[in-house]
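Following: one structure in structure tokens, then a few remarks.
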Amino acid sequence: MLEKTFDPKSVEPRLYAAWEASGAFKPSEDPSAEPFVIVIPPPNVTGSLHIGHALNNTLQDVLTRFHRMRGKAALWLPGTDHAGIATQMVVERQLAAAGNIGRRDMGREAFVERVWEWKAESGGAITNQLRRLGASCDWSRERFTLDEGLSAAVRKVFVQLYKQNLLYRDKRLVNWDPQFQTAISDLEVEQREVDGAYWHFAYPLADGVTYEHPVAFDDEGKPTQYETRDYIVVATTRPETMLGDTGVAVHPSDERYKALVGKDVVLPIVGRRIPIVADDYADPTKGSGAVKITPAHDFNDFGVGKRAGLPAINILTPEAKLNDAVPAEYQGMDRFAARKAIVARAEEEGWLKEIEKTKHMVPHGDRSGVVIEPYLTDQWYVDAYTLAQPALKAVETGETVFEPKHWEKTYFEWLRNIEPWCVSRQLWWGHRIPAWFGPDGSIFVEETEEAAYAAAREQFGADVVLNRDEDVLDTWFSSALWPFSTLGWPEKTPDVARFYPTSTLVTGFDIIFFWVARMMMMGIHFMGEAPFKQVFINALVRDEKGAKMSKSKGNVIDPLALIDELGCDAVRFTLTAMSGQARDIKLSKQRIEGYRNFGTKLWNATRFAQMNGCIRVEGFDPATVTQPINKWIRGEVVKTLGEVTKALEAPAFDEAAGSLYRFIWNVFCDWYLELAKPILNGEDEAAKAETRATTAWVLDQILILLHPVMPFITEELWDQTAQEGGPAREALLISTSWPDLPESWIDAEAAAEIGWLVDTVGEIRSLRAEMNVPPSAKPALAVVGAGEGTQGRLSRHRDLLVSLARLGEISLVEAAPAGTAPVVMGEATGALGVAEFIDVAAEKARLTKEIAGHVSEIEKTGKKLGNPDFLARAKPEVVDENRERLAEAEAAKAKLEAALQRLAAMG
RNA sequence: GGGCGGUUAGCUCAGCGGUAGAGCGUCUCGUUUACACCGAGAGGGUCGGGGGUUCGAUCCCCUCACCGCCCACCA
């Protein structure tokens, strides 16, 4: 006998071990089985499972289990990511906290060694947490982005792209993170709104040049008054950059400054003469219309500088302090300190014209949180534009589809405007760039040092000495190869042949650019086919107030704590049921409790079945059942199977969860088991046996259909129900086949009959509650106008009606007796003998209200049917439906009116 | 500035052209031998505002408002 409630804590580890030991997580080796493949979005190897992982991985597991049960060779390939900056940051912080020397003092080798140690210590955590989630990954294929195979793939890709001119080294401005002292990609920069100011500076014109500048205007905007100026005004939000100015730009058509183009200004403080140039970039409507140009520290200015031939003077060190290109008094000064100092000096010297306070967006490093500086360095770039074209096409043609589809727009938008991808990082934790520098800056890009030397010797002779590039690659570079590198590429492994391209990628929208688009680019380029057939974008989990979870806000929901408290299945069901939401999932514990209760409900339904001897019967064929309730539930199982299968194929996880919930709770528990009780307690042995067998069969189907979402409780019940007798289980539930049941098992007549029964019981219950008939009272039911069909139903379900509606006698009569309340029973009308309980006034009010309801229905529908346009243009079935509705409402109204009259007659 | 979502019952959300739905919460009733992590019943919505298309609009189109996110922007 089952315990009173399910105890997830004791069951989950045991079942997980049993699944893994059974080999169920490995894909079927049957060559005829169609593959179904998911590669996991690799979590940070040193990370821990947060609720977003829980959602993402639950959905992957639901799909994997579903397709596995459907007979596919299901592979869910797990692994972890080395997460360059994030991991390096964690370890550096640890070193600092422990009072150790920093990474620069340790040296590269020792530091990297230390990171590997940290990985060894904490690297198992996340995968163990995935196991606690029930993830049925094939752990025998687990990969890590820095393991040897994947590193080989990275080198191969880098070299090949280089040799195809799709990857190159270039000196240009990058987003420089002064905290980590590395370049980062555009995607790793986030714009934050900050309080700032425009500081307006007057730069004096050289050689005593003056010009007439308009200062007053008429209604049409024409200048009416001029003043003579010997300076030009520029504005900036970063005053310290003026030390690196090499020009001032004005728009070529700007009348105000036309005469100044070609003249010089003398840069204050520095004393450098810099030219005034004409460039379209200068916007006459912004500020003074003249803009200072700092080519080395501003992306736009860099372009102006190139066009106008202005030099780029770098004034910053890697930590964003002023370097020795600036006057001595500012050297070594922090950029923000310098800003203040410059402004103070400008004010003092009188060339600060105005301070305009403003809020503006300032780029920050997404990891470091510090202000990013545009910085002139040599970096490696991937020609993303070229790689993006086939990636765009794959989605445009539907080779890969997004679900929900609207994310395709986001994907297109980014890829169509893609910029070169800076892939080098001045970090230590990551894939070392396979490039070596020789004399005169020549570069040798090869997969191995030997190959690089071989190439270099040909050019420079045997004594050549090469220096390896010190940098590592952007973590996303290796992540971009994930769908094929994890299968063993560049080796020609059986897995590559069998499992590429993969089926569905399940991931968050926040990494469509970082990861999905890049996998598409690399996958197509190197494998000739897009890496996935479908990209399923899951929502972002937020707290119950809708705020993004973050450690600093303290609103992080720990999925493992929830699993401990409420069980893994409840957490999984909740996430599955809520996953339909477009962008956000607002998670509340209450909701999870609700689904924990759902599990308990199923558990208790199984207990009930056990107590009533509902043991599975060998060779039981649901096609042969004769009892209406059994025919009916058989059809409901078929319908549910259809709904769940369709939903999981889409996938529409919330719909699958909804169908399961409704069927199990509202159909099977609320009605079938209640309807079965009289039979199970009755004398008809044949009906009893059939109902027991049917119940056991339905439960089996429930366990199978629910298993992908709630794997633990279903597997446990699968096992426990087999221990009560009946045929032995052939396999663990995880390895059991998804059913394929015939539509012909849906019996319309049985469904109508049970529907009638359910409605009648509902009517009577509702009536009793409204009229305050005590639960213990058993009023008689007299049925008026019962035809043959209704009489048959009445006789077949008399016991059920009596018990479910708590009735006394049921009789057939010619006319409704006095002191009764009407019950709609299809064609017939029930008269419930409630005289002794009736509050006449209350009952009159109830009937009046109900009649009013029908009257408004009749009016509405009648009006519609009276509209010739409606009759002429609406679909015929809609017209029929309305006619039927009108007839029903009129009949019901008549019955209620009759009842009301009888009541009036009574007093 | 460009784009994408959203606005439906107290809360969280489904529905997306033909009688407004679910879960939770609320209220009433209930120890009927599976389950109080339960059962029965009830109340609760002019589907953000305004136009339009249509026989018919929560659903399609236009527009406005508000909320959220992404991209760009440091004169």
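Below, chain A is the first sequence line, B the second, and so on; all start at residue 1.
Between the side chain of A:Thr861 and the main chain of A:Ile858, no donor-acceptor pair closer than 3.5 Å is present. Of the possible donor and acceptor atoms, none in the side chain of A:Arg591 sits under 3.5 Å from a partner among the backbone N and O of A:Met578. A distance-only check finds a donor-acceptor pair linking the side chain of A:Gln610 to the backbone of A:Leu2 [under 3.5 Å].
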Considering only nitrogen or oxygen atoms on both sides, find all protein atoms under 3.5 Å from nucleotides 25-28 of chain B and state each distance.
none

Tabulated below should be each protein N or O lying under 3.5 Å from an N or O of nucleotides 37-48 of chain B; please produce it.
{"residue": "B:C37", "atom": "O4'", "partner": "A:Asn597", "partner atom": "OD1", "Å": "3.0"}
{"residue": "B:C37", "atom": "O2", "partner": "A:Arg596", "partner atom": "NE", "Å": "2.9"}
{"residue": "B:C37", "atom": "O2", "partner": "A:Asn597", "partner atom": "OD1", "Å": "3.2"}
{"residue": "B:C37", "atom": "O2", "partner": "A:Thr600", "partner atom": "OG1", "Å": "2.5"}
{"residue": "B:C38", "atom": "OP1", "partner": "A:Asn597", "partner atom": "ND2", "Å": "3.1"}
{"residue": "B:C38", "atom": "O3'", "partner": "A:Lys601", "partner atom": "NZ", "Å": "3.1"}
{"residue": "B:G39", "atom": "OP1", "partner": "A:Lys601", "partner atom": "NZ", "Å": "3.0"}
{"residue": "B:G39", "atom": "OP1", "partner": "A:Trp665", "partner atom": "NE1", "Å": "2.5"}
{"residue": "B:A42", "atom": "OP1", "partner": "A:Ser766", "partner atom": "OG", "Å": "3.4"}

Anything under 3.5 Å between a protein N or O and an N or O of nucleotides 58-62 of chain B, put it in a table, one pair a line.
none

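On the P atoms, B:C11 is 37 Å away from B:U54, given to the nearest whole Å. Rounded to the nearest Å, the gap between the C1' atom of B:U53 and that of B:A14 is 27 Å. Using atom P as the reference point in both B:A22 and B:G39, the two lie 15 Å apart (nearest Å). Annotation: B:G52 and B:C59 have their P atoms spaced 14 Å apart (nearest Å). Distance check on atom C1': B:G17 versus B:A57 gives 6 Å, rounded to whole Å. For the P atoms, the distance linking B:G21 with B:C47 amounts to 14 Å, nearest Å. Between the C1' atoms of B:G25 and B:C71, the separation comes to 40 Å (whole Å). To the nearest whole angstrom, the two P atoms, one in B:C55 and one in B:C70, are 44 Å apart.
B:U32 atom P lies 11 Å from atom NZ of A:Lys778, rounded to whole Å. Rounded to whole Å, the distance from NZ on A:Lys409 to P on B:G2 is 15 Å. Between A:Glu403 atom CD and B:G5 atom P there is a gap of 14 Å when expressed in whole angstrom units. Going from atom CZ of A:Phe509 over to atom P of B:C71 covers 11 Å, rounded to whole Å. For A:Phe412 and B:C71, the CZ to P distance is 19 Å, given to the nearest whole Å. Following rounding to the nearest Å, A:Glu190 (CD) and B:A72 (P) show an atom-to-atom distance of 12 Å. Separating the OH atom of A:Tyr661 from the C1' atom of B:U12 is a distance of 14 Å, rounded to the nearest angstrom.
Residue contacts for A:Asp301: at a heavy-atom cut-off of 4.0 Å it reaches no nucleic acid atom on any strand shown. Looking at heavy-atom distances under 4.0 Å, A:Met611 makes contact with sugar-phosphate atoms alone, never a base. Contact annotation for A:Tyr595: no contact, since no heavy-atom pair falls under 4.0 Å across all strands. Within 4.0 Å of A:Ala282, counting heavy atoms only, lies at least one base atom of the nucleic acid. Among the atoms of the strands shown, none is found under 4.0 Å from any heavy atom of A:Pro868. Among the atoms of the strands shown, base atoms are found under 4.0 Å from some heavy atom of A:Ile372.
Taking the ring centroids of A:Tyr375 and A:Trp176, they lie under the 6.0 Å cut-off.
Here B:A75 is the nucleotide among B:C4, B:A75, B:C24 with the atom lying nearest to any side-chain atom of A:Ala235.
Listed by chain and residue number, nothing satisfies the salt bridge (charged side-chain N to carboxylate O under 4.0 Å, His left out) test with A:Asp869 (two or more places apart in sequence, or in another chain). Applying the ring-ring contact (aromatic ring centres under 6.0 Å, His included) test to A:Phe712 and every residue at least two apart in sequence or in another chain returns A:Trp19. Take A:Arg692 and apply the salt bridge (charged side-chain N to carboxylate O under 4.0 Å, His left out) test, not counting sequence neighbours, and it matches no residue. Every ring-ring contact (aromatic ring centres under 6.0 Å, His included) that A:Trp603 has, sequence neighbours left out, goes to A:Phe6. Applying the salt bridge (charged side-chain N to carboxylate O under 4.0 Å, His left out) test to A:Arg885 and every residue at least two apart in sequence or in another chain returns A:Glu881.
Stem analysis of RNA chain B (Watson-Crick or G-U pairs, both distances under 3.5 Å, runs of at least three) returns B:1-7 with B:65-71, B:10-13 with B:21-24, B:26-30 with B:38-42, B:48-52 with B:60-64.
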Query raised in the report: What string of B, S and - do you get for nucleotides 15-21 of chain B, 5' to 3', if B is base contact, S is sugar-phosphate-only contact and - is no contact with any protein heavy atom under 4.0 Å?
Result: ---BB--

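Note that CD of A:Gln191 is 11.5 Å distant from CG of A:Asp366, once rounded to the nearest 0.5 Å.
Aromatic ring orientation, A:Phe653 versus A:Phe536: perpendicular (interplanar angle above 60°, classes split at 30° and 60°). Between A:Phe201 and A:Trp351, the angle of the ring planes goes over 60°, which puts this pair in the perpendicular group of the 30/60° scheme. Using cut-offs of 30° and 60° on the angle between ring planes, the pair A:Tyr672 and A:Phe668 is parallel. Ring geometry for A:Tyr595 against A:Tyr661 counts as perpendicular: the plane angle is over 60°, on a 0 to 90° scale with 30° as the lower cut.
If you check the side chains of A:Ser185 and A:Glu188, you find a donor sitting under 3.5 Å from an acceptor.
At a cut-off of 3.5 angstrom, counting only N and O atoms as typed in the model, there is a donor on one side and an acceptor on the other between the side-chain of A:Glu674 and the base of B:A34.
In summary, A:Lys893 and A:Glu890 do not engage in a salt bridge, as defined by a charged side-chain N under 4.0 Å from a carboxylate O.
Heavy atoms from other residues, nucleotides or ligands lying under 6.0 Å from OH of A:Tyr385 number 12 at most. Crowding of A:Glu193 atom CD: a count of heavy atoms from other residues, nucleotides or ligands under 6.0 Å exceeding 12.
Comparing A:Tyr281 and A:Val189 by the nucleotide of RNA chain B that holds the closest heavy atom to each, the one mapping nearer the 5' end is A:Val189. Along RNA chain B, the nucleotide nearest A:Arg806 and the nucleotide nearest A:Arg662 are compared for position; the residue whose nucleotide lies closer to the 5' end is A:Arg662.
Less than 4.0 Å separates RNA chain B from at least one heavy atom of each of the following residues of residues 290-298 of chain A: A:Val291.
When each of A:Phe509, A:Phe412, A:Phe402, A:Trp414 is checked for a ring-ring contact (aromatic ring centres under 6.0 Å, His included) with A:Trp407, only A:Phe509 meets the rule. Paired with A:Ile592 under the rule side-chain contact (heavy atoms from CB on, under 4.5 Å), one option of A:Thr574, A:Ile563, A:Asn597 passes, and it is A:Thr574.
Residue pairs meeting the salt bridge (charged side-chain N to carboxylate O under 4.0 Å, His left out) criterion with at least one member in residues 351-362 of chain A, sequence neighbours excluded, are A:Asp195-A:Lys359.
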